[in-house]
Amino acid sequence: MNYWLFKTEPNTYSIDDLKNEPNKITHWDGIRNYAARNFLRDEVKKGDLVLIYHSVVKPPQLVGVAKVVKEAYPDHTAFDANSHYFDPKSKKDNPTWVMVDIEYVRHLDNPVTLDQIRNTPTLENMVLLKNSRLSIQPVTSTEWSIITEMAKD
DNA sequence: GCCAACGTTGGC
DNA sequence: GCCAACGTTGGC
């Protein structure tokens, strides 16, 4: 099983929005970056656990845990001319973009801020610090353990 | 609101 | 295939 970090802008979609979904499940659509897409398409597997990160807020921080419940399938928002995520180059018979479904698991007892991560030497190699713009990132099992421990009351 | 870092586009 | 121009992300 693998661990991941998914970024979201809570003003658009937050961990609370996920928790409040009727079945606590959402489509993680709108990914329009090839590196992120490749992770989604090739490596994100059912049962994997995901840290949810809130970006573009103060402070930017990890806020909760979700679980992958459906592996990659075509992101239909790319076909919708009315969608913010419309991409005319993505064809239905050969979709460029994919999405997965994730289910809410829990909030962290205490959020772990970007600042805390940056100040934790054992987390210095996190992709979040190396390539802060990547919206789907792998997390090592060691990093996962450290972060979930930091998040405890 | 600024701007650094990064990704994409398109002319050559 | 290179790289300048442009657009986006996201921390500050």
Side-chain angles (χ1 to χ4, degrees), chain A residues 2-21 26-44 48-68 71-102 104-140 142-152:
Chain A
N2 289 316
Y3 299 102
W4 303 97
L5 184 156
F6 287 9
K7 288 194 296 185
T8 186
E9 296 184 23
N11 296 331
T12 304
Y13 194 88
S14 73
I15 183 83
D16 297 300
D17 293 326
L18 175 60
K19 185 181 183 181
N20 291 330
E21 298 283 355
T26 195
H27 315 308
W28 207 257
D29 60 14
I31 299 298
R32 296 291 180 271
N33 166 284
Y34 286 104
R37 189 279 312 269
N38 291 346
F39 283 127
L40 279 185
R41 186 189 60 193
D42 303 333
E43 297 189 48
V44 174
D48 286 357
L49 291 175
V50 177
L51 285 167
I52 301 295
Y53 179 81
H54 281 175
S55 64
V56 198
V57 286
K58 295 177 184 176
Q61 58 188 1
L62 293 162
V63 291
V65 177
K67 184 173 64 178
V68 178
E71 293 177 14
Y73 60 105
D75 182 344
H76 58 74
T77 63
F79 309 135
D80 178 0
N82 295 317
S83 170
H84 175 67
Y85 299 119
F86 178 57
D87 179 0
K89 295 196 293 297
S90 181
K91 305 302 180 190
K92 284 189 178 177
D93 57 1
N94 185 21
T96 308
W97 307 111
V98 299
M99 58 185 174
V100 300
D101 288 358
I102 62 170
Y104 174 83
V105 174
R106 62 187 174 88
H107 279 64
L108 298 177
D109 292 331
N110 296 300
V112 176
T113 67
L114 177 59
D115 212 43
Q116 283 177 272
I117 292 168
R118 201 179 269 136
N119 289 323
T120 304
T122 47
L123 295 177
E124 67 182 1
N125 290 320
M126 276 193 77
V127 179
L128 189 65
L129 303 180
K130 300 288 183 184
N131 181 2
S132 65
R133 294 185 48 176
L134 189 59
S135 56
I136 304 287
Q137 314 181 351
V139 172
T140 69
T142 306
E143 290 162 351
W144 182 277
S145 304
I146 293 166
I147 288 164
T148 50
E149 198 62 34
M150 288 167 72
K152 285 181 180 167

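When reading the values below, keep in mind they use all heavy atoms of this one structure, side chains included, and skip hydrogens, waters and symmetry mates. Predicted model only: the values in this text are computed from it and were never measured. Lettering of chains follows the sequences in order, A, B, ..., and the numbering in each one begins at 1.
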- Query: Whole Å only: how far is the NE2 atom of A/His54 from the P atom of C/dT9?
  - Reply: 17 Å
- A/Thr122 vs A/Thr142 side-chain heavy atoms within contact, under 4.5 Å: no
- Item | Atom-to-atom span, CG of A/Leu129 to C1' of C/dC12 - whole angstrom | 16 Å
- Item | Distance, rounded to the nearest Å, where A/Gln137 contributes CD and C/dT9 contributes C1' | 13 Å
- Hey, are A/Arg32 and A/Thr77 close enough side-chain-wise for a donor-acceptor pair under 3.5 Å? yes
- Query: What's the CZ-P distance between A/Arg133 and B/dT8, to the nearest Å?
  - Reply: 9 Å
- Among B/dT9, B/dC6, C/dG11, which is the nearest nucleotide to the side chain of A/Ser55? C/dG11
- Task: Would you kindly give the CG-to-P distance between A/Asp87 and B/dT8, to the nearest whole Å?
- Result: 12 Å
- Task: Round to the nearest Å and state the distance from A/Leu134 atom CG to B/dT8 atom P.
- Result: 11 Å
- Task: State whether A/Arg118 places a side-chain N or O below 4.0 Å from either non-bridging phosphate oxygen (OP1 or OP2) of C/dC12.
- Result: yes
- Message: Taking the ring of A/Tyr73 and the ring of A/Trp97, is the distance between their centroids below 6.0 Å?
- Response: no
- Phosphate OP1/OP2 of B/dC6 contacted by A/Tyr34 side-chain N/O (<4.0 Å): no
- Rounded interatomic separation in angstrom, taking NE2 from A/His84 and P from C/dT8: 9 Å
- Ring geometry between A/Phe6 and A/Trp28 (parallel below 30°, tilted from 30 to 60°, perpendicular above 60°): tilted
- Query: Rounded to whole angstroms, how far apart are CG on A/Asn33 and C1' on C/dG7?
  - Reply: 13 Å
- Query: When you check the phosphate oxygens OP1 and OP2 of C/dG11, does a side-chain N or O of A/Lys7 lie under 4.0 Å from one of them?
  - Reply: no
